[in-house]
Asks: 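Got a structure for you, written out below as structure tokens; questions coming shortly.
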Amino acid sequence: MLDIRLLAQDPENFAARLARRGKGIDLDPVFALDRRRRELIQRGDELRHRKSKAEDAMKTADKKGAEFAAFREEMRTVAAEIKVLEESLKVVEAELDEKALYLPNLPDAAVPDGADADANPVIRTWGEKPNFDFTPLEHDRLGEKMGILDFERAVKITGARFTVYKAGAARLERALINFMLELHTTEHGYTEVLPPFMVNATSMQGTGQFPKFREEAFEMEKDGFFLVPTAEVPVTNLHRDEIFDAQSLPVRYAAYTPCFRREAGSYGKDTRGLIRQHQFNKVELVQFAAPEDSARAHEELTGHAEQILQRLGLHYRVVDLCAGDLGNSAARTYDLEVWLPGQNAYREISSCSNFRDFQSRRAAIRYRPEAGKKPVLVHTLNGSGLAVGRTVVAILENYQTADGRVRIPEALRPFVRNAEYILPENT
RNA sequence: GGAGAGGUGGCCGAGCGGCCGAAGGCGCUUGACUCGAAAUCAAGUGUGGGGCAACUCACCGUGGGUUCGAAUCCCACCCUCUCCGCCA
């Protein structure tokens, strides 16, 4: 959520910055509602003030006297008037909220111009494309052939966009989760968190999923809970309505969770394989930082996610999302795109974003820069470190051998009893 | 699922329908004392909104209601805890 008061001070500037996202956003109705809101507050305060003064007098007045009776009659009508004002205020605030909660974040000044993903500049590349003396298979063909990924039976037991992992694939997924968490917690200074996999609607609003992207969430209608679309939601909301001490920042959390997404509107996209699933595993990095530190923290966090790819020896590139491709809540985002030789393409495997105060304003997450001073909104950041299913895809495609096995990267071997290869499973 | 208890400021904990934004304690900040620290003493210390400001309004789990007036009374809901049952 954006700061309406700030926006109202310099409407043209903010409108121009929002326009970089490419969608026409009309701020005038927001400002009009904000003005109306302040009007109602002022009139209400005035009446309440008059009423409380009268009540002070009534406290000591003779309860049976004529003066008391007169006051009582007058205040009765004032109370009714206040009630009417409060009701209109409630309506105006609901409308304003509705509008304000739908406004996207302001892109950082450093965000490159551009309309869509094609305009995202590549800012660095690590490693090289592996050479094959055979034609590498796509992971889903390979996984099926090896008998370690079962897409058909997943359809039977659940439906499309779900997968059953078996044997070497299941073990690989599990090893990757452990590998990632171990690295981030022991070398990068993150505290491990294992949060609930269902959250309430307030949490979803706090991080910006609601109200705009409600269609994307799996909902437990009966209980009012939602399956987490990413660990970002429960982990960022850990500190909702809290005030950090200055010295406790930055706070860093690493969390494994499965992620559940309805993928509404992506019918026909990536229908095969593990790339786009309704349920996938992810290790997420979340940071709470002081505003002046967040840009640096963003670079750092991105580097932490990159470390995973580097240790696994996977070639990737980093792209700087342009204004038109930036997610709704983000002020700046770097995507890590891993090379997939089977698909002959780079695919997103991590997205690292700085939300600045967009989420913290919604979720009221603040810190006190100095004892006795007013609390200030923190900046929140997060990034995948990494999407586990897509990492499995990358390993299968990059490390497949001519004889139908998959070599396991050195860094991962301690997590699989030093096995060197994933072997076919013939059951 | 059944029975009961309770939700008040960073924490603990009082609170008669008006004098309660809220006693007291702890914590924290500042000052005094000290070579320094501890102890002690003194003062200060919630959040948000409106207003250029003086100032003002709201907030005692949430939402309604009664009343001139509600932290305090009534209703509904949410949450927490204890006991019983069930259960990985």
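First the proteins, then the strands, lettered A, B, ... as listed; each starts at 1.
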Asks: Using atom P in both nucleotides, what's the gap between B:rC74 and B:rC16 to the nearest angstrom?
Replies: 13 Å
Asks: What does B:rC87 pair with, Watson-Crick or G-U, if both distances are under 3.5 Å?
Replies: none
Asks: With C1' as the reference atom in both, quote the distance from B:rG31 to B:rG17 in angstrom, rounded to an integer.
Replies: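 It comes out at 42 Å once rounded to the nearest Å.
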Asks: Less than 4.0 angstrom between a side-chain N/O of A:R50 and OP1 or OP2 of B:rU56, yes or no?
Replies: no
Asks: For the residue pair A:Q359 and A:T380, confirm or rule out a side-chain donor-acceptor distance under 3.5 Å.
Replies: yes
Asks: Suppose you measure atom P in B:rU30 against the same atom in B:rA37; what distance do you get, rounded to whole Å?
Replies: 12 Å
Asks: OP1, OP2 of B:rC57 versus side-chain N and O of A:Q42: anything below 4.0 Å?
Replies: no
Asks: Could you give the distance separating B:rC59 and B:rC86 at their C1' atoms, to the nearest angstrom?
Replies: 41 Å
Asks: Please determine, for B:rC79, whether a Watson-Crick or G-U wobble partner exists with both distances under 3.5 Å, and give it or none.
Replies: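 The answer is B:rG6, by the H-bond criterion.
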Asks: Quiz question: by atom type and distance under 3.5 Å, do the side chains of A:N382 and A:Q287 form a donor-acceptor pair?
Replies: no
Asks: Looking at A:R368, I'd like to know whether one of its side-chain N or O atoms comes within less than 4.0 Å of OP1 or OP2 on B:rG10.
Replies: no
Asks: Please state whether the base of B:rG49 and the side chain of A:D45 form at least one donor-acceptor pair under 3.5 Å?
Replies: yes
Asks: Whole-Å distance between B:rU47 C1' and A:E242 CD?
Replies: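 Answer to the nearest Å: 14 Å.
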Asks: If we call it a pair only when both distances are under 3.5 Å in a Watson-Crick or G-U wobble match, what pairs with B:rA22?
Replies: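 Checking every strand shown, B:rA22 finds no partner, since no pair has both distances under 3.5 Å.
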Asks: Could you state the NZ-C1' distance from A:K51 to B:rU67, rounded to the nearest angstrom?
Replies: 10 Å
Asks: Strictly by modelled atom types, are A:N105 and A:S329 linked by a side-chain donor-acceptor pair under 3.5 Å?
Replies: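 A:N105 vs A:S329: no donor-acceptor pair found between side chains.
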Asks: A:I4 has an atom CD1; how far is it from atom P of B:rG49, in whole Å?
Replies: 13 Å
Asks: Can you tell me the distance, in whole Å, between the CG atom of A:D56 and the C1' atom of B:rC57?
Replies: 14 Å
Asks: Specify the separation, in whole Å, of atom CZ of A:R43 and atom C1' of B:rG51.
Replies: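 In whole Å, B:rG51 C1' and A:R43 CZ are 17 Å from each other.
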Asks: Kindly indicate, with the supporting measurements, whether the criterion side chain to side chain contact (heavy atoms under 4.5 Å, CB included) is fulfilled by A:R252 and A:F288.
Replies: CA-CA 7 Å; A:R252 302 186 185 91; A:F288 301 85; over 6 Å; no
Asks: Paired with B:rA70: which nucleotide, if any, by Watson-Crick or G-U wobble criteria at under 3.5 Å for both distances?
Replies: none
Asks: Compute whether any side-chain donor of one residue and acceptor of the other, for A:Y334 and A:E299, lie under 3.5 angstrom apart.
Replies: yes
Asks: Using a cut-off of less than 4.0 Å, is there contact between a side-chain N or O of A:R5 and OP1 or OP2 of B:rG49?
Replies: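 For B:rG49, OP1/OP2 do have a side-chain N/O of A:R5 under 4.0 Å.
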Asks: Counting only Watson-Crick pairs (N1-N3 plus N6-O4 or O6-N4) and G-U wobbles (N1-O2, O6-N3), all under 3.5 Å, who is the partner of B:rC33?
Replies: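 Check on B:rC33: unpaired, no WC or wobble geometry under 3.5 Å.
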Asks: Ignoring backbone atoms, test whether A:S52 places a side-chain nitrogen or oxygen under 4.0 Å from the OP1 or OP2 oxygen of B:rG69.
Replies: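 Answer no for this pair, as no side-chain N or O of A:S52 is under 4.0 Å from OP1 or OP2.
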Asks: With rounding to whole Å, what would you report as the distance between B:rC77 and B:rU67 at their C1' atoms?
Replies: 23 Å
Asks: Check whether the side chains of A:T207 and A:R362 place a donor and an acceptor atom closer than 3.5 Å, and report yes or no.
Replies: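 Checked: A:T207/A:R362 side chains show no N/O donor-acceptor pair below 3.5 Å.
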Asks: Using a cut-off of strictly less than 4.0 Å, decide whether A:R48 has a side-chain nitrogen or oxygen near OP1 or OP2 of B:rC57.
Replies: no
Asks: If you measure from the C1' atom in B:rU34 to the same atom in B:rA71, how many Å do you get, rounded?
Replies: 45 Å
Asks: Within the pair A:H49 and B:rC57, is there a side-chain N or O less than 4.0 Å away from OP1 or OP2?
Replies: yes
Asks: Any side-chain donor-acceptor pair under 3.5 Å between A:Y253 and A:H239?
Replies: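 A:H239 and A:Y253 do have a side-chain donor-acceptor pair below 3.5 Å.
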Asks: Roughly how many Å is it from CG in A:D241 to P in B:rG61, rounded to a whole number?
Replies: 15 Å
Asks: Rounding to a whole Å, what distance do you find between A:Q9:CD and B:rC52:C1'?
Replies: 13 Å
Asks: B:rC68 and B:rC55: how far apart are their P atoms, nearest whole angstrom?
Replies: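 33 Å, rounded to whole Å.
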Asks: Reading RNA chain B from 5' onward, which residue's closest nucleotide shows up sooner: A:K83 or A:E93?
Replies: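 Result of the comparison: A:E93.
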Asks: Work out which heavy atom in A:V286 is nearest to a heavy atom in A:Y190; give both atom names and the distance.
Replies: O-CE2, 4.1 Å
Asks: Compare side-chain N and O positions of A:K374 against OP1 and OP2 of B:rG46 and report whether any pair is under 4.0 Å apart.
Replies: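 A:K374 to B:rG46 OP1/OP2: no side-chain N or O under 4.0 Å.
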Asks: Can you tell me the pairing partner of B:rA38 across any strand shown, Watson-Crick or G-U wobble, with both distances under 3.5 angstrom?
Replies: none
Asks: Whole angstroms only, please: what is the CD-C1' distance between A:E74 and B:rU67?
Replies: 17 Å
Asks: Is the shortest side-chain N/O distance from A:K90 to OP1 or OP2 of B:rG64 below 4.0 Å?
Replies: yes
Asks: Counting just side-chain N and O atoms, does A:R72 come under 4.0 Å of either OP1 or OP2 of B:rU67?
Replies: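 No, A:R72 has no side-chain N/O under 4.0 Å of OP1/OP2 on B:rU67.
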Asks: Could you check A:R366 against A:G44 and say which one's nearest nucleotide on RNA chain B is further toward the 5' end?
Replies: A:R366
Asks: I'd like the C1' distance from B:rA5 over to B:rA70, given in whole Å.
Replies: 23 Å
Asks: Determine which nucleotide pairs with B:rA14, using a 3.5 Å limit on both distances of a Watson-Crick or G-U wobble pair.
Replies: none
